[in-house]
Structure formats: structure tokens, C-alpha cells
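For reference, the structure is listed below as C-alpha cells.
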Protein chains: 2
Amino acid sequence: MRRDSRLSGVLHILLHMARQSEPLTSEALARAMATNPVVVRRTMAGLRDTGLVHSEKGHGGGWTIARDPARITLHDIYLALGKPDVLAMSNRNDAPGCLVEQAVNEALGSAFAEAEALLLRRFSEVTLAQLSESFDRRFAKRGADFALETIHAE
Amino acid sequence: MRRDSRLSGVLHILLHMARQSEPLTSEALARAMATNPVVVRRTMAGLRDTGLVHSEKGHGGGWTIARDPARITLHDIYLALGKPDVLAMSNRNDAPGCLVEQAVNEALGSAFAEAEALLLRRFSEVTLAQLSESFDRRFAKRGADFALETIHAE
DNA sequence: TCTCATGTAACTTTACATGGTACATGATGA
DNA sequence: TCATCATGTACCATGTAAAGTTACATGAGA
């Protein structure tokens, strides 16, 4: 099963966006995510629709953060991405007629639900601003040139 | 992302196996899982190699449980299946040079690890015997004909 | 020795996320 | 006004992993 890394990728570019005021184009963001500008637009569309980011066309256009990073949690971003699957496993059959399978589903289902709830709770406890501060600490330790274009250049 | 339901499927047929002493053929198990006999053998191969089940060739052959169900946990089965992915999400890059992405990875990674650990802990707390008892309670409530062949017939 | 059943390699099919192309829309600036 | 830049999005191509399938070897009864 291929694992979904959109949340990770989106967080990465959101943090870069949070650290500068000028809009960043899909093309620049695509370089940072090592992907295609269209994939960036497609992924960011959900964040735009839920008001987390803003996009502007034309000269000087691109993407900017539309809300205070201290008021954006990982859970907000998870929702904006369309609630992607959290777990790679699931029950085989949601409404089995077989009582044996019902017993299996109940046990597995409650374990799955607990793990998923834990992860989403963690997501709601972390803000973009906290991640940015975490970056600041790393930067203070081993400062260097971390301009988006420079660090992600090939 | 397609979700893995092998654990669910395997538990289902293990419970059926635990409730009768004669060996069950791959073909009979495949009917219960609505799949193919070869898929069953492939999936069960890991359980056989770790000693959870036994297989016998020839007339009267098939699959039987090789250990006391009270001593088989869901975690044992998870291991026998080759530790399939638990989470559908992951970090985009395991060892990024970008400090921004490192900050993201740390936050997401610890949340992922907690959720995965919780699920595996739950797995190790549940035995096949407990699931079988759960079935017994359901059966007592609305008893019917639960022979493997009957209940899964089309 | 015939039949039944597993063991397994190899191939095909299916599902789906991602990658990529094309073009419409709209904003900016000369 | 017109050329340019950037997003919006429909549509198609591609890569990949799980599941399904076929084929045949192996071994165990009857």
C-alpha cells in the first residue's frame, strides 16, 4: 500500500509560506515538494476552499497564508485535504451477516477507532506556529541559508 | 489508497477453524473470504511459517489451528502477516536536508508513532479465544445455523 | 495409481494516486 | 489594448501494489 504524504508535503510548503510575505507560485512550491505545479494546485485547492490560504492570479500572484499560523492546527489541514484515510487497515466487510465476522469487526473496529482518534487528537494540538518555532530552534543551532529557492535547488 | 483487510479476513477464517476440529480446505476458506484459494494459501503461508496454523496435503487435508487460541493474540497474527503498514500516512521524506521539513517530520512522526503503538498494544491484548467468546455471546442471543458452508453460501 | 490438497512461480487484472498536458480564466503592466 | 504571468481544472498517461488467475510440481491418502 502506497502511503499518503500529502499532509507532510503541505505542511512543509505552508511553513515556507508562513515565513515570507510575498506570494509563492505553484511552480516554486512544486520545486520544494519535488513535484508538479498542477499537483500543488490540486492539493492546495482544499486549503483555499476552507480559507486557510489565498491564491492570486497574474503578475505577482501565487499563494499566501490567509489565517494566523497560531490558529491553524494540523487537524484543520487534515480536514482541508478531505479527511484522507488515517489507517492502512480496515474491516473486510462493514455489515457482515456472519456472526463470526461481526465479532471480529467489533474488536478490530474499536482498536482502529481508538488509534485514529488518538492521531487526530494530536493533530488538533499542534499549530503551524508551533512548527515554525520548532524550526527556529533548529535554525538557531545550525544556521545557514534557508531561502526556499536555495535549499531546494537541485 | 486501498485499505488492507487481510488481518480482518484472516481472523474471520481462523475463528471458523478454531470452532471445528477437521481441517478446512483452502477452497472452503476462500468461499468464506469471498476470494480465491491461492490467495488464501498465500495469506496463510505466513501463519504456517510462524507455527500458528498447520496445513496438510492430500485426502482429508487442509488447514487447522496449531496453537491454543487463548495463546494467539492479534499481534501474533499481525506479525505473521509480515507487519503490514498500520498507517495510511507517512512523512514525505525520511531524511530531509531542509530544516523546515525536519521540524514537520518530528511533529508528524511522533504522532504517527504514538497511534501505531496504541493500535499494536491493543492487538497484543486480544486473543483468538476472546473473539470466540464474543461470538458465543452473539450466538446465544440470536442462535441460528452458523456452519461455515451454510452461512457463507451465496 | 488415481484423486485430492497444498506450495509456489509467473502472469494478468484492477484500482488508484500521482504525474503531466492542454487550455480557459483572470490579473497585471507596458 | 495586448502580451504575459499565474491560477483553475478537465482530461489523459503512468507507475505501482494488491488481488486474482493459471499452471504445474509435490506429497498424502484411498
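Order of the sequence lines fixes the chain letters, A, B, ..., with proteins taken first and strands second; residue numbering starts at 1 for each chain.
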Quiz item: Is there a side-chain contact (heavy atoms from CB on, under 4.5 Å) between B:Thr35 and B:Leu29 once you walk through the steps?
Solution: CA-CA 9 Å; B:Thr35 181; B:Leu29 296 176; over 6 Å; no
Here the pair of heavy atoms bringing A:His75 nearest to A:Leu120 is CD2-O, 3.9 Å
Heavy-atom closest pair (B:Leu108 atom, A:Ser8 atom, distance to 0.1 Å) is CD1-CA, 3.7 Å
Practice problem: For residues A:Leu52 and A:Leu14, determine if any side-chain heavy atom of one lies less than 4.5 Å from a side-chain heavy atom of the other. | Solution: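 Heavy-atom side-chain distance check fails, nothing below 4.5 Å.
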Starting at atom [atom1] of [X], determine the distance to atom [atom2] of [N], rounded to an integer number of angstrom.
X       : N      : atom1 : atom2 : answer
A:Met89 : D:dA17 : CE    : C1'   : 17 Å
B:Asp4  : C:dA15 : CG    : P     : 17 Å
B:Asp85 : D:dA17 : CG    : C1'   : 11 Å
A:Met44 : C:dT18 : CE    : P     : 15 Å
A:Glu22 : C:dT28 : CD    : C1'   : 17 Å
A:Asn36 : C:dT21 : CG    : P     : 7 Å

Run the side-chain contact (heavy atoms from CB on, under 4.5 Å) check on B:Ile13 and A:Val100 step by step: do they pass?
CA-CA 9 Å; B:Ile13 62 180; A:Val100 169; over 6 Å; no
Once base and sugar-phosphate atoms are separated, protein heavy atoms under 4.0 Å mark nucleotides 4-13 of chain D, 5' to 3', with B, S and - as BBSBBBBB--
Review point. The helix from C:dT1-D:dA30 to C:dA30-D:dT1: angle between its terminal axes, five pairs each, to 10°?
Key: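 Comparing the axis at each end, I get an angle of 0°.
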So the salt bridge (Lys or Arg N to Asp or Glu O under 4.0 Å) pairs with at least one residue in residues 36-59 of chain A (sequence neighbours excluded) are none
- If the plane angle is over 60° it's perpendicular, under 30° parallel, otherwise tilted; pick one for B:Tyr78 and B:Phe123.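 Geometry flag for B:Phe123 against B:Tyr78: tilted rings.
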Would you find a donor on one side and an acceptor on the other, under 3.5 Å apart, between the side chain of A:Thr43 and the backbone of A:Val39? yes
Establish, with yes or no, whether the OP1 or OP2 oxygen of D:dA19 is under 4.0 angstrom from a side-chain nitrogen or oxygen of B:Thr35.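 Checking B:Thr35 against D:dA19: no side-chain N or O falls below 4.0 Å of OP1 or OP2.
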